[in-house]
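Data block below; observations after.
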Amino acid sequence: MIVGAGPAGTRVARILAKAGVRTLIVDKRQELGTPIQCSGAVSRHALLENEVTPDTEFIHESVYGFRVMDGKGGNTTIDYRHLKPETYAEDKDPLGYVVDRRRFDRYLLTQAEKAGAEAWLKAEAIGHSLENNRALVKIRHYNEEITVKTKVIVGADGVRSQVGKWAGLQTHIKLTELASCLQIVVDGVETNGLLELITGSATAPGGYAWVFPKGHGYAELGLGIIAPLTKLNAQQHLDKFIKESFLSDRFKGAKLLEVQGGGVPLAAPLKTQYADHIILVGDAARHVNPITGGGIHTALTGGSVAGHFLVEHLAASDDFTAKAMKGYQDNWLDATGHHMWKLYDIKREIFRKPKSEEQDELLFKTMSNYFSPNSEFKKV
Amino acid sequence: MKTPVIFDIGWNACINCGACIAICPHEAGFVSDFDTIAVNKPCDIACLICEDICPVSTITHREVEKKEITEKADDK
């Protein structure tokens, strides 16, 4: 049974169901993807390697590269339409997409359901107990309380994971490692197929600001900050970014369409992502890129690892104790986790620098390198 | 020990982003019906980091008076 029908949970559900495992995925929401907490940027290869075919149903706009700016004249533009025109062009493939999370998550759920998974919405997992080598999960489905018996609970319930808390895992996140994010969707701001990232403590202390194309001529303007580094909140920083930054001229005609926000972990992955009859995936396990804050790719990949691990394990064993579940985390570390830990170390080094000027400079440099074609991390 | 507090949320500004729950050190369940930190029961940790993380600064608190705590206990 899977708790949470975001990219990670639906990925696990699809793999299990496809392998013939009886799979239930529950989500307390009535509409997936909401409330929107994320900008929705994801690379094309992240989708392809996780069996998601890019579809106009959920794509807002194609992107072809990045621009990293530091507000002091620093500007690194990495446009794959120029760097690799034989592969990336408007009439060929894009590098990635900005997706509509409502439609994207819904699409992923249909994939899981088509594979045979059963899905409940308006179904909140409110507690669990263990009995005779099985987990009993109490679900509040509409107004009914139902107990479901399962071999393994997959906690895919987000950064505020309740499953992780049931498991007694060390899920507590530090205030210095949760970015407080706010973004608005606007009309009237020009974009050019690039994800634009603006670093610097003057703009977004501890994080960065962004301008992403959102399709139909719309754009997302947003930022994430680390609260203890500033006296202003995300809303005030975003206001400043729009009205008083070096890009303000460009934002003059912005017409507000939507407001969204969230808490994005720029933290290390959880050291332990499993317990008796429980494994965690996605934001719940902190499978988030600690440099970019990107979480869709990492969620899909973690979901794939978990799904394949469970298919194999369910066929081979009836042991679901923590010791047996550890195999999932080992596989995940090999597939991507060690990489993520490395990114976390890089991020920590940046914010360990004593002076904010040094931090700013290093963050700009790291971000610029990160997206370059030669980056060793371009696959994250 | 810190004085327990009761949180109040300015619902008009709340964007329902969940950052307050994500940062909250409570055991599972310290949440409101609207997916924010709980507003109907005292928080005895009173670390107030939910107020710091809120992107729109819409969480405030008041200290619980001793009398209220005893009343709550009586209710149980």
Side-chain angles (χ1 to χ4, degrees), chain A residues 28-29 34-38 124-128 155 157-169 171-184 222-239 258-265 267 283-284 286, chain B residues 1-64 69 72-76:
Chain A
K28 69 178 179 186
R29 294 170 295 178
T34 62
I36 302 216
Q37 292 160 322
C38 127
E124 183 177 8
I126 49 180
H128 92 308
D157 52 341
V159 64
R160 41 191 162 155
S161 173
Q162 301 288 305
V163 175
K165 289 190 174 180
W166 300 345
L169 295 173
T171 57
H172 185 228
I173 186 163
K174 288 185 245 162
L175 191 57
T176 51
E177 299 202 319
L178 189 70
S180 175
C181 297
L182 193 71
Q183 69 172 11
I184 57 174
L223 50 71
I225 56 160
I226 295 297
L229 297 179
T230 165
K231 288 200 176 88
L232 304 181
N233 64 26
Q235 181 201 1
Q236 291 158 332
H237 275 288
L238 184 59
D239 204 47
E258 289 176 17
V259 181
Q260 292 141 3
V264 173
D283 275 5
R286 307 241 189 296
Chain B
M1 198 186 124
K2 281 187 188 158
T3 314
V5 298
I6 288 189
F7 290 110
D8 185 37
I9 306 230
W11 298 108
N12 220 19
C14 175
I15 54 171
N16 215 261
C17 75
C20 50
I21 310 175
I23 203 72
C24 178
H26 271 280
E27 294 295 302
F30 197 74
V31 289
S32 77
D33 288 344
F34 300 98
D35 274 332
T36 65
I37 42 128
V39 287
N40 57 350
K41 51 185 167 187
C43 166
D44 46 19
I45 301 175
C47 66
L48 308 183
I49 55 177
C50 53
E51 295 187 11
D52 290 335
I53 198 81
C54 178
V56 292
S57 303
T58 196
I59 305 174
T60 52
H61 69 272
R62 64 178 175 86
E63 291 188 353
V64 180
I69 303 174
K72 282 259 175 205
D74 289 347
D75 285 347
K76 285 174 193 167

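On a predicted model such as this, the values are computed, not experimentally measured, just so you know. Below, chain A is the first sequence line, B the second, and so on; all start at residue 1.
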Just distance, no hydrogens or angles: give the donor-acceptor pairs under 3.5 Å from side chains in residues 222-236 of chain A, sequence neighbours left out.
residue, atom, partner, partner atom, Å
T230(A), OG1, L232(A), N, 2.9
T230(A), OG1, L232(A), O, 3.4
T230(A), OG1, H237(A), NE2, 2.7
N233(A), OD1, Q235(A), N, 3.1
N233(A), OD1, Q236(A), N, 2.7
N233(A), ND2, S57(B), OG, 2.6
Q236(A), OE1, N233(A), N, 2.8

Notebook entry, point to check: Between atom NE2 of H61(B) and atom CD1 of I6(B), what is the distance when rounded to the nearest 0.5 Å?
Noted result: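 So the gap between those two atoms works out to 11.5 Å.
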Notebook entry, point to check: Non-hydrogen atoms of chain A under 4.5 Å away: do they reach the side chain of C54(B), the backbone, both or neither?
Noted result: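 Contact with chain A involves the backbone of C54(B) alone.
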Check: Under 4.0 Å between a Lys/Arg side-chain N and an Asp/Glu carboxylate O for K28(A) and D35(B)?
Finding: yes
Check: How close do R286(A) and A267(A) get, heavy atom to heavy atom, and via which atoms?
Finding: CD-CB, 3.9 Å
Note to self: Using a 3.5 Å distance criterion without hydrogens, assess whether the side chain of T58(B) forms a donor-acceptor pair with backbone atoms of G10(B).
What the structure shows: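 Yes.
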Highest number of heavy-atom pairs under 4.5 Å with chain B: which of [options]?
options: L175(A), I126(A), D283(A), V159(A); result: L175(A)
options: G263(A), G168(A), S180(A); result: S180(A)
options: L182(A), I173(A), T34(A), L238(A); result: I173(A)

Check: At a heavy-atom separation under 4.5 Å, does Q260(A) approach chain B through its side chain, its backbone, both, or neither?
Finding: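 For Q260(A), the backbone is the part near chain B, not the side chain.
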Please set out all donor-acceptor pairs under 3.5 angstrom arising from side-chain atoms of residues 24-33 of chain B, sequence neighbours excluded.
residue, atom, partner, partner atom, Å
S32(B), OG, F34(B), N, 3.0
S32(B), OG, T36(B), N, 3.3
S32(B), OG, T36(B), OG1, 2.7

Next item on the list: For chain A, find which of I21(B), I23(B), N16(B), I49(B) contributes the most heavy-atom pairs closer than 4.5 angstrom.
Entry: I23(B)
Item checked: Best-contacting candidate, D52(B), I15(B), V56(B), against chain A by heavy atom pairs under 4.5 angstrom -> V56(B)
